[in-house]
Amino acid sequence: MIDVSTLTIALHDKLIDSTALDLLRCERERSVRINFDPARCPWVGVYPGTVETNPRTAAGSKSWTEPVELQVVAQTASFGSDGADASDALEGLLKAIMDVMNEDLTLGITGARVVKFRREYRYVQFDDDGQGDLFMPQAVITISLEVRS
């Protein structure tokens, strides 16, 4: 059976090695508290999701197929009331992340393969003074993999 840390480490390492994310000055972390500080944006976090373990044969061998989901949380921030700058920056950040994953759909792990991506958007507007002066959009990318062990 797969050790999910193997997958999150592999993905995190690929994100760390990304020149595009370096150029965006993006912070990249793995399995930490989700960022709440807009000053740290752009920010990306890598987390385990769900794992399903199924025997590949009925004979009881030690051969498994494991649909696994990883989650990548991506955040940007802008100061302003409409949030268009932060939303546009988030799309640029998501493109850089997707490019990293598309370069190697195995994440460098034998028996693993990315089979699907899904994005969910969330928007937070901080309004401490009633001026709506900070907009911090977030996207959660769910990466579906099939792993054989």
Query raised in the report: Out of curiosity, Q71 CD to T50 OG1, how far, rounded to the nearest 0.5 Å?
Result: 8.0 Å

Report task. First locate atom CG of L15, then atom CZ of R30, and finally report the distance between them rounded to the nearest 0.5 Å. Result -> 12.0 Å

Query raised in the report: Going through the distances and angles, do D99 and K14 end up as a salt bridge (Lys or Arg N to Asp or Glu O under 4.0 Å)?
Result: CA-CA 11 Å; D99 287 348; K14 291 199 174 292; over 6 Å; no

Query raised in the report: So which heavy atom on A74 is nearest to which on I97, and how close?
Result: CB-CD1, 3.8 Å

Query raised in the report: Are M98 and V115 co-members of a hydrophobic cluster defined by side-chain heavy atoms under 4.5 Å apart?
Result: no

Query raised in the report: For the atom pair CG (L145) and CG (L70), what is the distance rounded to the nearest 0.5 Å?
Result: 5.0 Å

Query raised in the report: Distance from I9 atom CD1 to H12 atom NE2, nearest 0.5 Å?
Result: 9.5 Å

Report task. Compare all side-chain heavy atoms of E146 with those of P67 and state whether any distance is below 4.5 angstrom. Result -> no

Query raised in the report: Thinking salt bridges, do R118 and E120 make one under a 4.0 Å N-O criterion?
Result: no

Requested in this report: Please assess S87 against Y121 for the test side-chain contact (heavy atoms from CB on, under 4.5 Å), listing each intermediate value before the final yes or no.
Outcome: CA-CA 10 Å; S87 292; Y121 292 87; over 6 Å; no

Report task. For D22 and I16, work out which heavy atoms get closest and say how close. Result -> OD1-O, 4.1 Å

Requested in this report: If the plane angle is over 60° it's perpendicular, under 30° parallel, otherwise tilted; pick one for Y47 and W43.
Outcome: tilted

**Report entry** Spatial distance of atom CG (D85) from atom CG (L90) [nearest 0.5 Å]
**Finding:** 12.5 Å

Requested in this report: Verify the distance criterion only: is there a donor paired with an acceptor across the side chains of E69 and T142 at less than 3.5 Å?
Outcome: no

Query raised in the report: Does any N or O in the side chain of R119 come within less than 3.5 Å of the main-chain N or O of F117, such that one atom is a donor and the other an acceptor?
Result: no

Query raised in the report: Where do L11 and V46 come nearest, in terms of heavy atoms and distance?
Result: CD2-CG1, 4.0 Å

**Report entry** Rounded distance (nearest 0.5 Å) linking atom NZ of K95 with atom CG of L24
**Finding:** 10.5 Å

Requested in this report: Would you confirm whether T76, through its side chain, and A89, through its main-chain N or O, come within 3.5 Å as a donor-acceptor pair?
Outcome: no

Requested in this report: For side-chain contact (heavy atoms from CB on, under 4.5 Å), just list the numbers for R40 and E29, CA-CA rounded to whole Å, side-chain angles, deciding distance to a tenth of an Å, and then say yes or no.
Outcome: CA-CA 11 Å; R40 296 183 66 214; E29 298 182 296; 2.8 Å; yes

Report summary line: Heavy atoms of A77 and C41 approach each other most closely as N-CB, 3.8 Å

Requested in this report: Identify the heavy atoms of V4 and P48 that sit nearest to each other, and give their distance.
Outcome: CG1-CB, 3.5 Å

**Report entry** Q75/M136 under side-chain contact (heavy atoms from CB on, under 4.5 Å): CA gap, chis, key distance, verdict
**Finding:** CA-CA 7 Å; Q75 298 174 331; M136 192 170 164; 3.5 Å; yes

**Report entry** salt_bridge(R113, D104) N-O dist < 4.0 Å
**Finding:** no

Query - side-chain contact (heavy atoms from CB on, under 4.5 Å) between L93 and L21, worked out - result: CA-CA 7 Å; L93 179 58; L21 291 173; 3.5 Å; yes

Requested in this report: Please name the residue in the list V68, T110, T106, T65 that meets the side-chain contact (heavy atoms from CB on, under 4.5 Å) test with V147.
Outcome: V68

